[in-house]
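All remarks here apply to the structure that follows.
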There are 2 protein chains.
Amino acid sequence: MSKQRKFEKVRVFYEKRATILKALAHPVRLFIIDELAKKEKCVCELRDLVGSDISTVSKHLLLLKNAGLVKDRKQGLQVFYSLQVSCVLKFFDCVEAVIGAEQQRYQATRRKAA
Amino acid sequence: MSKQRKFEKVRVFYEKRATILKALAHPVRLFIIDELAKKEKCVCELRDLVGSDISTVSKHLLLLKNAGLVKDRKQGLQVFYSLQVSCVLKFFDCVEAVIGAEQQRYQATRRKAA
DNA sequence: GGCTTATTTTACCAAATAGCCAAATAAGCT
DNA sequence: AGCTTATTTGGCTATTTGGTAAAATAAGCC
């Protein structure tokens with residue numbers, strides 16, 4: 001019983017982590033993060049870049065904000081969003097490494113098959 | 001038209017990134033990754049630790065494997081999984097920082113309200 | 001106040017995900 | 001081959017997520 005169901009005891013901890021990662025786990029949101037890393041942008045600018053309904057973009061931004069990844073600043077009619085946590089960018093290097101390794105394995109398999 | 005719908009041109013790139021992050025975006029899978037970082041484990045060990053149906057655990061592992069994050073090794077009746085990409089662990093430090101900052105903001109708000 | 005523009009919220013539908021059980025597969029043992 | 005154990009796969013339902021359109025808010029301008 002000692003090691004069993006260890007997860008139950010740490011569930012809340014991992015749920016918090018998962019919230020952050022869920023916020024990142026969407027192509028549009030990852031794109032938005034990269035854009036905001038360059039420069040703060042208003043919702044309408046992001047809508048033009050992304051090309052979907054502004055309400056959709058707004059929801060993506062709310063999700064990122066609730067996760068603590070971006071912050072917003074109101075200026076007149078517009079709301080400008082900017083990146084709150086720059087360390088996420090470093091993580092993408094790791095993600096790229098995973099993708100690269102994956103492709104290498106795929107090509108190795110193809111060579112073997114040929 | 002120059003900057004508009006930029007996302008369409010880079011969509012595939014961000015979809016690949018999102019695949020990796022989706023694989024990470026689940027409390028049980030994050031727990032499994034931490035466990036595998038310590039030591040390779042068979043599916044039944046992980047089932048005991050997690051406490052859900054073995055088929056559920058197996059599916060989580062398949063997902064992590066397809067994302068290139070873990071690898072498997074068959075030994076007799078058992079299948080042992082281990083962490084393939086250790087750099088994900090470093091990212092969790094960033095995630096913890098986000099959570100920490102979030103809590104600080106929350107407490108600051110409470111102080112203001114009180 | 002009324003008009004316009006930017007953003008958010010609500011309501012609703014479609015698609016994806018997570019979980020469990022049962023059946024199928026795989027590997028060892030006698 | 002028959003039995004047992006470990007894991008994977010398929011089928012099903014419940015829940016969550018993603019998207020759009022329409023309504024509601026918010027801020028500026030006349």
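- First and last contacts of DNA chain C with chain A, using any nucleotide atom under 4.0 Å from a protein heavy atom and ordered 5' to 3', fall at C/dT5 to C/dA11.
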Counting only pairs under 3.5 Å, give me each side-chain donor-acceptor contact of residues 65-72 of chain A, with atom names and distances, residues two or more places apart or in other chains.
{"residue": "A/Lys65", "atom": "NZ", "partner": "A/Asp72", "partner atom": "OD2", "Å": "3.1"}

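- Ring pair A/Phe7/A/Tyr14 is tilted by interplanar angle, where 30° to 60° counts as tilted.
- Taken residue by residue, residues 14-37 of chain A places heavy atoms nearer than 4.0 Å to DNA chain D at A/Lys22, A/His26, A/Arg29.
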Let me see the working for B/Ser52 and B/Arg47 under side chain to side chain contact (heavy atoms under 4.5 Å, CB included), right down to the final yes or no.
-> CA-CA 6 Å; B/Ser52 50; B/Arg47 177 207 52 204; over 6 Å; no

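- In this structure, A/Leu30 CG and A/Leu24 CG are separated by 6.0 Å, a value rounded to the nearest 0.5 Å.
- Checking A/Ser52 against A/Lys74, the closest nucleotide of DNA chain D that is more toward the 5' end is the one next to A/Ser52.
- With sequence neighbours left out, the disulfide (SG to SG under 2.5 Å) criterion links A/Cys87 to B/Cys94.
- With respect to the salt-bridge test (charged N to carboxylate O, under 4.0 angstrom), the residues B/Asp34 and A/Arg17 qualify.
- In this structure A/Glu35 satisfies the salt bridge (Lys or Arg N to Asp or Glu O under 4.0 Å) test together with A/Lys38, A/Lys41, B/Lys6, sequence neighbours excluded.
- Nearest heavy atom pair, residue A/Arg29 against residue A/Ala23, reads NE-O, 2.7 Å.
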Sugar-phosphate or base contact per nucleotide [nucleotides 7-15 of chain D; S, B, -; heavy atom under 4.0 Å] | SBBBB----

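- Contact detail for B/Leu36 and B/Tyr81: the closest heavy-atom pair is CD2-O, 3.3 Å.
- Using a 4.5 Å heavy-atom threshold, the side chains of B/Val57 and B/His60 count as separate.
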